[in-house]
Amino acid sequence: MSPRPVVQALPAYRPGRNPADLAREIGVARAVKLASNEVAFPPLPAVVEAVTAAAGQTNRYPDNGAVVLTQALADRYGVDPAQVATGCGAVTLCQELAQAYNDPGTSIAFAWRSFEMYPLLAQVAGARAIQVPLVAGRPGGPADTHDLQGLCAALDDSTRLVFVCNPNNPTGTAVRRAELEQFLDAVPQQTLVVLDEAYREFVTDPAVPDGIELMRGRPNVAVLRTFSKAWGLAGLRVGYLVAEDPAVAEAVRRTHVPFSVSMLAQAAAVAALASEEVVRARCAAVVAERDRLTAALRDRGFDVADSQANFVWLPVGEEAAGLAAALEARAVITRPFAGEGVRVTVGTPEEDDVFLAALDDVRSATTVR
Ligand SMILES: *Cc1c(COP(=O)(O)O)cnc(C)c1O
């Protein structure tokens with residue numbers, strides 16, 4: 001008895017370092033985790049209240065249609081509830097999209113390097129992954145970003161989905177309105193464009209479009225968003241899809257893993273939406289800290305591009321794994337991409353100062369950059 005070959009070929013799950021374990025292991029009071037792009041703020045007070053109240057009803061199944069949350073999202077974005085689907089995190093919505101649109105032998109296109117989930121979901125769906133390299137950045141200039149023309153040219157009759165991660169994880173770069181509109185105009189109608197906007201709330205460049213506005217009048221466009229990042233609900237698992245064509249949301253609902261958005265997650269998301277002003281203020285603080293961190297890294301000679309997300313990208317190439325290991329030995333957990341770079345989540349000013357001090361220590365101890 002053996003699993004499907006594509007499943008055997010999947011990488012085994014490797015848990016990230018837990019900061020408490022790391023701190024104990026290296027004998028320091030506290031380790032700093034800047035690896036998963038969470039926000040450092042505690043859950044919103046309204047969220048804690050809503051989750052506490054909902055806890056008393058957890059002997060019951062959640063609402064499988066997430067009716068209250070779906071309506072709240074529809075109101076928030078000025079769309080019909082039929083255009084919205086919720087999921088157990090945006091990653092589950094990615095899987096549900098592939099299940100809804102990809103027969104074996106079809107394909108899924110995306111830029112690379114981008115969100116790690118995309119190649120895996122293609123593999124599990126038995127779909128071919130069409131990977132189009134990012135346009136290489138240049139030192140002192142723009143960082144690696146989407147090659148939208150190349151991505152469009154790579155689509156073929158078999159392509160059911162094309163993901164555009166905007167801003168891109170892990171480079172933090174974003175594509176702007178004119179080039180994205182040109183791309184959407186050129187993509188064939190039988191291919192669904194999925195704008196993955198997990199980091200939308202951190203975008204400050206006015207030329208970077210809001211996908212939900214951009215999708216209007218374009219039935220082959222859908223937008224993915226999540227409560228895990230700006231809204232601070234990573235531990236509860238809830239994300240959503242907004243599609244111009246209700247048939248897209250309906251297809252995702254048909255492949256929905258039943259009851260996978262828990263009662264607590266639904267209650268928390270509704271409460272978070274009602275606290276949007278607090279969330280906006282928190283995002284503004286993250287953005288201010290992102291700018292400070294970016295400047296501090298540039299002062300140290302790192303070639304850091306402007307990020308539109310809540311993380312920064314250090315394109316250190318072959319030094320990535322070594323640098324992350326050296327930082328970890330100094331109680332700072334980052335996210336290395338071997339041979340490419342290190343992604344560092346914007347933390348609190350205190351956390352980022354610990355990171356910068358660790359970085360200085362690494363560089364004075366070695367010849368890393
Ligand atoms: C974090 C992230 C998501 C969402 O993750 P969930 O926690 O599953 O909602 C989606 N796309 C990208 C690019 C991300 O970085």
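In each ligand, atom 1 is the first atom listed, and ligand 1 is the first ligand listed. All figures in this text were calculated on a predicted structure; none of them were measured in a lab.
- Near ligand 1, G89, A90, V91, F115, C165, N169, D196, A198, Y199, T226, S228, K229, R237 each place a heavy atom less than 4.0 angstrom from the ligand.
- In the model, N168 has a side-chain atom that pairs as donor or acceptor with a side-chain atom of T171 under 3.5 Å.
- Within a 6.0 Å radius of CG in D157, no more than 12 heavy atoms belonging to other residues, nucleotides or ligands are found.
- Rounding to the nearest 0.5 Å places CD of E201 at 10.0 Å from NZ of K229.
- Aromatic ring centres of Y240 and Y77: separated by under 6.0 Å.
- When ring centroids are compared, F337 and W313 come within the 6.0 Å threshold.
- Ring-centre distance between F163 and F110: not below the 6.0 Å cut-off.
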